[in-house]
Engineer: 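Sharing a structure here in structure tokens format.
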2 protein chains.
Amino acid sequence: MADEHTNGSPRTLKTVSRAFDVVRALEELDGAGVTELADHLDLSKSVVYNYLSTLREEKFVVKEGDTYQLSLQFLLVGEYVRYQNILYRIGKPEIEELAEKTGEYAHLATEQHGLGVNLYKVSGETAVGSDYQVNKLQRADYLHFSATGKAILAHLPRERVNWIVDQYGLPAKTEQTITDREELFDELETVRERGYSLNDEEEIKGLQAIGAPVTNRHGRVLGSISVSGPVRRMKQPEYHQNLIESVVNTANVIEVNVNMEESDDEFPTFS
Amino acid sequence: MADEHTNGSPRTLKTVSRAFDVVRALEELDGAGVTELADHLDLSKSVVYNYLSTLREEKFVVKEGDTYQLSLQFLLVGEYVRYQNILYRIGKPEIEELAEKTGEYAHLATEQHGLGVNLYKVSGETAVGSDYQVNKLQRADYLHFSATGKAILAHLPRERVNWIVDQYGLPAKTEQTITDREELFDELETVRERGYSLNDEEEIKGLQAIGAPVTNRHGRVLGSISVSGPVRRMKQPEYHQNLIESVVNTANVIEVNVNMEESDDEFPTFS
DNA sequence: GTTAGAAGTTCGTGAAATACAAACAGCTAT
DNA sequence: ATAGCTGTTTGTATTTCACGAACTTCTAAC
């Protein structure tokens with residue numbers, strides 16, 4: 001009855017969306033043939049074949065025998081994107097120093113589309129679990145149960161946090177995970193007041209992390225850093241206090257350097 | 001006169017190609033606004049707007065104020081693709097060990113679309129140029145002037161090498177770069193015979209590298225590794241010989257492990 | 001050695017999605 | 001206050017895509 005096909009704004013290109021459906025399907029299936037993809041996506045074989053051929057021409061897909069796979073083109077573009085990120089460029093060496101100094105895992109993260117993305121992570125000498133944490137495949141993850149995530153959330157506008165919670169909810173990873181919206185807002189208030197965030201076994205049992213935000217001159221949060229380790233070590237009062245200082249200090253150093261670079265951009269030097 | 005619009009096979013989807021034109025433009029321009037992109041791509045503003053909106057909905061583009069940028073989604077997918085690569089999974093720790101043992105830069109590379117892609121690189125203690133080589137942004141690069149590239153080319157079918165040279169030519173980076181097809185084939189023959197490749201200031205003046213291929217059980221080359229350092233150190237006979245041994249040995253270790261994993265796949269274990 | 005079946009690929013054609021241009025809205029700077 | 005930039009919206013013509021059947025190639029079983 002009602003006018004359905006009014007093609008609301010912004011108009012979205014179905015052909016492009018379907019191309020990315022193919023990309024996501026190739027990721028889910030770890031590569032696939034034409035027929036398998038056609039079944040998975042409820043499209044005809046010939047259509048899938050055309051999408052794959054196009055993606056291949058664009059070098060984002062490779063064909064090995066009769067299976068199609070995503071190509072390393074994604075990595076090349078992805079590393080370009082990461083390199084464009086000033087927080088990564090400035091933060092990477094500082095995070096490495098932080099990991100060396102503390103001996104624990106150190107992380108550098110930012111927010112995108114309401115989820116946390118790790119820009120960089122490095123393992124210190126005494127870090128637990130060998131290289132497991134560093135080598136495992138990274139995905140965008142919820143912000144509410146990590147130290148980096150909470151440091152970011154604490155400095156986003158309240159309405160944005162509400163939007164994120166509406167969008168993704170507050171799923172629990174352990175019994176400690178904050179799953180209540182009001183409780184989360186209280187926690188974020190605490191984070192703002194004391195200047196650092198804590199993840200006390202809220203993501204992984206036995207693992208604690210300390211995080212701090214990096215904001216730019218205008219108060220916008222660019223991302224955050226954290227250090228993580230086993231609870232028994234992290235809870236020792238003196239050790240704990242030292243870590244907090246190291247993390248907050250490193251975040252400040254990054255902040256200062258980022259803001260120096262960014263103000264350069266506002267008064268560009270002419271060549 | 002002649003039938004132009006016969007839409008040859010495979011049919012390629014123009015809408016998808018244009019979406020990736022937008023992606024490439026965003027990369028070239030380091031982010032841009034609608035009008036700027038429309039000019040750059042010779043499309044109308046409304047069309048570009050629709051592409052950007054779609055890419056944004058798919059989370060591959062983010063909008064900051066009025067500038068659109070590629071998102072870290074590319075990095076997430078890219079790291080997935082890299083992780084899928086068995087050479088990366090097996091080779092990474094071995095390459096780290098190689099860098100530590102030799103003190104030089106160590107690289108892990110593979111081929112895609114006729115170009116070399118670095119899967120991983122790590123700096124040893126005595127490596128020159130601080131972290132410049134490790135931190136600089138990586139692109140797909142020609143195969144004919146790097147140690148990793150020559151190790152790969154040496155083990156590709158001759159017709160494929162010819163196709164690659166037809167496609168990309170043999171551009172020179174230094175006076176030492178091989179720019180003649182026959183000379184290249186002679187060099188590749190030498191590489192095959194002695195089991196390792198050399199890059200003797202063919203890419204960067206003052207830099208030498210030693211490479212070795214990693215092939216699977218069926219003789220197909222999966223990629224290659226290399227170690228690089230300043231000529232004055234690399235040319236010392238004993239040091240040189242030791243490096244060759246280390247590189248070839250590491251390549252063999254990776255090869256064995258890769259082939260063990262791959263043969264597991266052929267006789268899958270049922271759960 | 002032949003054949004059934006399942007894979008990838010090609011192609012003609014109707015249906016649907018996109019490209020265009022012009023109008024609109026929002027902002028900045030003069 | 002307004003001219004001239006942005007980004008955004010919308011109606012419409014037309015290009016392009018989706019479908020399904022036919023074709024090809026390969027494998028495996030009889």
Side-chain angles (χ1 to χ4, degrees), chain A residues 2-23 25-26 29-58 61-71 218 265-268, chain B residues 2-23 25-26 29-58 60-71 218 266-268:
Chain A
D3 43 15
E4 316 256 355
H5 245 306
T6 322
N7 226 344
S9 275
R11 283 185 200 171
T12 169
L13 305 179
K14 303 193 204 307
T15 310
V16 176
S17 294
R18 248 170 302 204
F20 284 100
D21 289 342
V22 172
V23 168
L26 282 176
L29 301 171
D30 290 341
V34 176
T35 308
E36 194 181 352
L37 276 172
D39 288 348
H40 189 86
L41 294 167
D42 260 312
L43 290 169
S44 71
K45 282 201 298 178
S46 58
V47 169
V48 170
Y49 179 73
N50 288 334
Y51 278 94
L52 288 170
S53 299
T54 310
L55 287 168
R56 194 149 87 100
E57 194 179 67
E58 300 295 332
V61 158
V62 289
K63 184 184 177 188
E64 254 177 62
D66 276 345
T67 59
Y68 292 82
Q69 300 225 315
L70 298 182
S71 89
H218 310 102
D265 292 347
E266 289 172 32
F267 308 100
Chain B
D3 44 15
E4 315 257 352
H5 245 306
T6 322
N7 227 344
S9 273
R11 283 185 201 173
T12 169
L13 306 180
K14 302 193 203 309
T15 309
V16 176
S17 294
R18 246 166 297 191
F20 284 100
D21 289 343
V22 171
V23 168
L26 283 176
L29 301 172
D30 289 342
V34 176
T35 308
E36 193 182 351
L37 276 172
D39 288 349
H40 189 87
L41 294 166
D42 260 312
L43 289 170
S44 71
K45 284 201 297 177
S46 58
V47 169
V48 170
Y49 180 73
N50 288 335
Y51 278 95
L52 288 170
S53 300
T54 310
L55 288 168
R56 195 148 86 99
E57 194 178 69
E58 300 295 332
F60 282 87
V61 158
V62 289
K63 184 186 177 187
E64 254 177 61
D66 276 346
T67 59
Y68 291 82
Q69 300 224 314
L70 298 181
S71 91
H218 311 101
E266 288 171 34
F267 308 101

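So that the names make sense, note that chain A is the first sequence line, chain B the second, and so on, each numbered from 1.
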Engineer: Please check the phosphate of C:dA17 (OP1 and OP2 only) for any side-chain N or O of B:T15 closer than 4.0 Å.
Structural biologist: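 False: B:T15 side-chain N/O out of range (4.0 Å or more) of C:dA17 OP1/OP2.
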Engineer: Which residues satisfy the side-chain contact (heavy atoms from CB on, under 4.5 Å) test with A:S53, sequence neighbours excluded?
Structural biologist: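 Per chain and number, A:S53 pairs via side-chain contact (heavy atoms from CB on, under 4.5 Å) with A:Y49, B:P10.
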Engineer: Which parts of residues 42-55 of chain B get close to DNA chain D, meaning a heavy atom less than 4.0 angstrom away?
Structural biologist: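 Result for residues 42-55 of chain B: B:K45, B:S46, B:Y49, sorted by number.
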Engineer: Working to the nearest 0.5 angstrom, can you tell me the gap between A:L29 CG and A:E36 CD?
Structural biologist: 5.0 Å
Engineer: Let me check the geometry of the helix from C:dG1-D:dC30 to C:dT30-D:dA1. What is the bend angle between the axes at its two ends, five pairs each, to 10°?
Structural biologist: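 It works out to 40° between the end axes.
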Engineer: Can you check whether any acceptor in the base of C:dG8 is under 3.5 Å from a donor in the side chain of A:R56, or vice versa?
Structural biologist: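 Such a pair does not exist between side chain and base.
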Engineer: Does A:G31 offer a backbone N or O that forms a donor-acceptor pair with the side chain of A:T67 under 3.5 Å?
Structural biologist: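 No.
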Engineer: Short of 4.0 Å, heavy atom to strand atom, which residues of residues 34-41 of chain A count as contacting DNA chain D?
Structural biologist: none
Engineer: Within the 4.5 Å heavy-atom criterion, are A:V61 and A:L70 side-chain neighbours or not?
Structural biologist: yes
Engineer: Nearest 0.5 Å, what's the CG-CG distance between A:L37 and A:D42?
Structural biologist: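 If I round to the nearest 0.5 Å, the distance is 12.0 Å.
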Engineer: For A:L13 and for B:R11, find the nucleotide of DNA chain C with the closest heavy atom, then tell me which residue's nucleotide is more 5'.
Structural biologist: B:R11
Engineer: To the nearest 0.5 angstrom, please state how far the CG atom of B:L52 sits from the OG1 atom of A:T12.
Structural biologist: 11.5 Å
Engineer: By ring pair (Phe, Tyr, Trp, His ring centres under 6.0 Å), which residues pair with B:Y68, not counting sequence neighbours?
Structural biologist: none
Engineer: Which pair of non-hydrogen atoms, one from A:T54 and one from B:L13, has the smallest distance, and what is that distance?
Structural biologist: OG1-N, 2.9 Å
Engineer: Give me the residues of residues 16-23 of chain B where at least one heavy atom lies under 4.0 Å from an atom of DNA chain D, by number, or none.
Structural biologist: none
Engineer: Once rounded to the nearest 0.5 Å, what's the spacing between atom NE2 of A:H40 and atom CG of A:L26?
Structural biologist: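 CG of A:L26 is found 9.5 Å from NE2 of A:H40.
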Engineer: I'd like to know whether B:L43 forms a side chain to side chain contact (heavy atoms under 4.5 Å, CB included) with B:R18, so could you lay out the CA-CA distance, the side-chain angles of the two residues, the decisive distance to 0.1 Å, and finally the verdict.
Structural biologist: CA-CA 10 Å; B:L43 289 170; B:R18 246 166 297 191; 4.2 Å; yes
Engineer: What is the minimum heavy-atom distance between B:A38 and B:V48, and which atoms define it?
Structural biologist: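 Between these two residues, the closest heavy atoms are CA-CG2, 3.7 Å.
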Engineer: Starting at OH of A:Y51, measure out to OG1 of B:T15 and round the result to the nearest 0.5 Å.
Structural biologist: 7.5 Å
Engineer: For A:Q69 versus A:D30, what's the shortest heavy-atom pair and its separation?
Structural biologist: NE2-O, 3.3 Å
Engineer: Side chain of B:K14 only, heavy atoms from C-beta on: which candidate in C:dA19, D:dT8, D:dT16 is closest?
Structural biologist: D:dT16
Engineer: Do any side-chain nitrogens or oxygens of A:Y68 fall under 4.0 Å of OP1 or OP2 in C:dT9?
Structural biologist: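 Yes, such a contact exists.
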